Amino acid sequence: MRYSRAFIPTVKEAPKDATSPSHVLLLRGGFIRMVGAGIYEMLPMGLRVMNKIGAIVREEMDRAGAHELLMPAMLPREYFEESGRWDSFGSTLLRLSDRKGGDYHLGPTHEEIITDLVRREVKSYRQMPLNLYQVQMKYRDEPRPRAGLLRCREFLMKDAYSFDVDEAAATQSYEQMRDAYHRIFTRLGLEYRVVSADSGAMGGSTSAEFQVLASTGEDAIVACSSCDYAANVEVAETKEPEGAASSAEAPARERVSTPGAKTIDEVVAFLGDGLTSARMLKSLLYVAGEEVVMAVVRGDRELNEIKLARALGVPEVFLASDADVRKATGAEPGFAGPVGFGGRVIVDPEAAQVADGVTGANETDAHLVHVAYGRDFEGEVRAIRAVGEGDPCPRCASPLRAYRGIEGGHIFILGTHYSAKMGATFLDEDGQSHPVVMGCYGIGVSRLVATAVEQNHDDNGIRWPMAIAPYHVMLTPIGKDDEPREVAERLHDELAALGVEVLLDDRNERPGVKFKDADLIGIPLRVTVGKRGLTNGELELKARDADDNEMIPLEGAAEAIAARVREALA
RNA sequence: CGGGGCGUAGCGCAGUCUGGUAGCGCGCAUGGUUCGGGACCAUGAGGUCGGAGGUUCGAAUCCUCUCGCCCCGACCA
């Protein structure tokens, strides 16, 4: 491709509305343009990247035995009505009506539609296992689209659905998809972790997220430094200390006056005398359904609200208002504590280990010192704190490492959630009817374009992994002489004949402009053709992620460059 | 939906407080000089100041309403 004939509208200054690295660089590099909030155009370069990702996804899905189909994006109301999601999806569902006043929506996901297809067409155990997928635009009216392609209202998604006769077979399908996803993310050239995650409202029994590591990621995850345990912090566990505090030698409980000292830091500073936040018993009041409960974690730890909700068996918990705190403890906020507290108390195992703790006295301007679980207060011991860097792995006790990630894929076993509700049943060998057992598997294809950039960029621009780069090689003839241009033209044709995708910068621009654009758009290999090298019969080869040039002989250059490309793709 | 910010030329911004002929840089066009990390000179094109209403002799500027975009939070099979 001749750069002069391509459509690559790069810009020097970042549009002010873009803040995340991928958003800035994809805009500046001429890959995307915004049409509305969370709605983007894929320009030729962006589309090349997205299509490459899509091709890898399709290859691996096909290899795993899945079959591609295409469902409509515009859907009549009745399907989501049937599953209850016409209401439960709320305003995230983009609704529209036709000329006759009929209700429609744009598909945010397709469990209902595929389940309808399968209930009409699949009647026998002989027709399973079955795995159907599509790559299609999805529509979700996100409350807050953001960060360019990372969270859009219209986005390209690969969604696959498996259908099996029972849980065991469904698990097998799930494992096959997990393997396929491993191959996909590996081939994309992205560093990632598979983490266990909250199954959310899907009610699935088993699920895993494929998290692409990026310091700018929205999700916090932990991964073991030695075994393969990894989890979203929403659900991450850690090896908990056993037993209760050995409080035998601790002095008897005592009330101390702590005027104005409400926060952990203030109390530690006020009491002094070697007190650390790890000896504080942080007591937080939460509203869970009808009741107000107290959650106690060590003062140097954070509470994980999802885990607390799960421990309490409620969908979610809300931090109590100041008024609720006063009512429940009889004291101003900042002085709550488990000793003598009337309601339900959940104690984190680490907090239960504190032998000589300090906590609020449920009395304004007062705390209690020399407090221990088991001796001074009771409660249900449940792991409710946030797990983080350095905590021991729940499986092997090695230290966990904290990462940030972007969710690139998510796989679920759905069970019979949709099939039972929608009557997707089959007959087994004995003529008995059963609901099919489903799984669903998503990959955010357009999101991965941005995710790859978040993980692979520097101050000068993008550094595409070879497998998804818009072109493999950038040819940069420089100087005003004819020779570099002629050599570059010839090299372009030779490389193309070898199956290498080449972008030839034939623009009449100064070298600096060409180099800056080359770095910005991030083609993995750049070949500079200039008088400097040609006088020695050489070309300059520079990898986008390397610091220095290397000189290669002009003789046989095409083969050498093609070999480098093949090597990077292997 | 709560909080904050921003809409002025294709992009980035100044001008708004204190009303008085709409400016700068980049980009674009033409000519010339340049040519190994975003060159220089000259000339030029390009704007209903997001929109509507109001106040005023006069509104980018003041008032009211409205639309859009960004960030934080809530939310996010």
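None of the values given here were measured: they were computed from a predicted structure. By convention in this document, chain letters (A, B, ...) are assigned in the order of the sequence lines, proteins followed by strands, and residues within each chain are numbered from 1.
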Test of ring centre spacing under 6.0 Å for A/His23 and A/Tyr40 = yes

inquiry  = Can you confirm whether or not the ring centre of A/His182 sits under 6.0 Å from the ring centre of A/Phe210?
reply    = yes

Which nucleotide in [options] has an atom nearest any side-chain atom of [X]:
X: A/Arg146; options: B/C75, B/G12, B/G36; answer: B/C75
X: A/Arg140; options: B/C70, B/C71, B/A77; answer: B/A77
X: A/Leu520; options: B/G38, B/C69, B/A77; answer: B/G38
X: A/Pro143; options: B/C75, B/C11, B/G38; answer: B/C75
X: A/Lys12; options: B/C35, B/C26, B/A77; answer: B/C26
X: A/Arg153; options: B/C69, B/C71, B/G36; answer: B/C69

key: Residue pairs fulfilling salt bridge (Lys or Arg N to Asp or Glu O under 4.0 Å) with at least one residue in residues 482-492 of chain A, sequence neighbours excluded   = A/Arg2-A/Glu489

Just checking [X]: base, sugar-phosphate only, or nothing, at a heavy-atom cut-off of under 4.0 Å?
X: A/Thr109; answer: base
X: A/Ala18; answer: nothing
X: A/Lys16; answer: sugar-phosphate
X: A/Glu540; answer: base

Whole angstrom is fine here: how far is it from [atom1] in [X] over to [atom2] in [N]?
X: A/Glu538; N: B/G36; atom1: CD; atom2: P; value: 19 Å
X: A/Ile478; N: B/G38; atom1: CD1; atom2: C1'; value: 14 Å
X: A/Glu142; N: B/C70; atom1: CD; atom2: P; value: 13 Å
X: A/Met34; N: B/G10; atom1: CE; atom2: P; value: 15 Å
X: A/Asp506; N: B/C35; atom1: CG; atom2: P; value: 21 Å
X: A/Met474; N: B/G37; atom1: CE; atom2: P; value: 16 Å
X: A/Asn508; N: B/A29; atom1: CG; atom2: P; value: 12 Å
X: A/Phe155; N: B/A77; atom1: CZ; atom2: P; value: 11 Å

With a 3.5 angstrom cut-off on both distances, give the Watson-Crick or G-U wobble partner of [N], or none if there isn't one.
N: B/A14; result: none
N: B/C49; result: none
N: B/C62; result: B/G54

Taking atom types as they are modelled, would you say the side chain of [X] forms a donor-acceptor pair with the base of [N] within the 3.5 Å cutoff?
X: A/Arg526; N: B/G37; answer: yes
X: A/Glu13; N: B/G25; answer: yes
X: A/Arg28; N: B/G12; answer: no

query = Would you say B/G36 has OP1 or OP2 under 4.0 Å from some side-chain N or O of A/Arg532?
reply = no

request  = Please figure out whether A/Tyr40 or A/Tyr161 has its closest RNA chain B nucleotide nearer the 5' end.
outcome  = A/Tyr40

inquiry  = Using heavy-atom distances to pick each residue's nearest nucleotide on RNA chain B, tell me which of A/Met157 and A/Arg144 is more 5'.
reply    = A/Arg144

query = Got a sec, which residues hit salt bridge (charged side-chain N to carboxylate O under 4.0 Å, His left out) with A/Asp506, two or more places apart in sequence or on another chain?
reply = none

inquiry  = Using a strict heavy-atom distance below 4.0 Å, which residues from residues 511-518 of chain A are in contact with RNA chain B?
reply    = A/Pro511, A/Gly512, A/Val513, A/Phe515, A/Lys516, A/Asp517

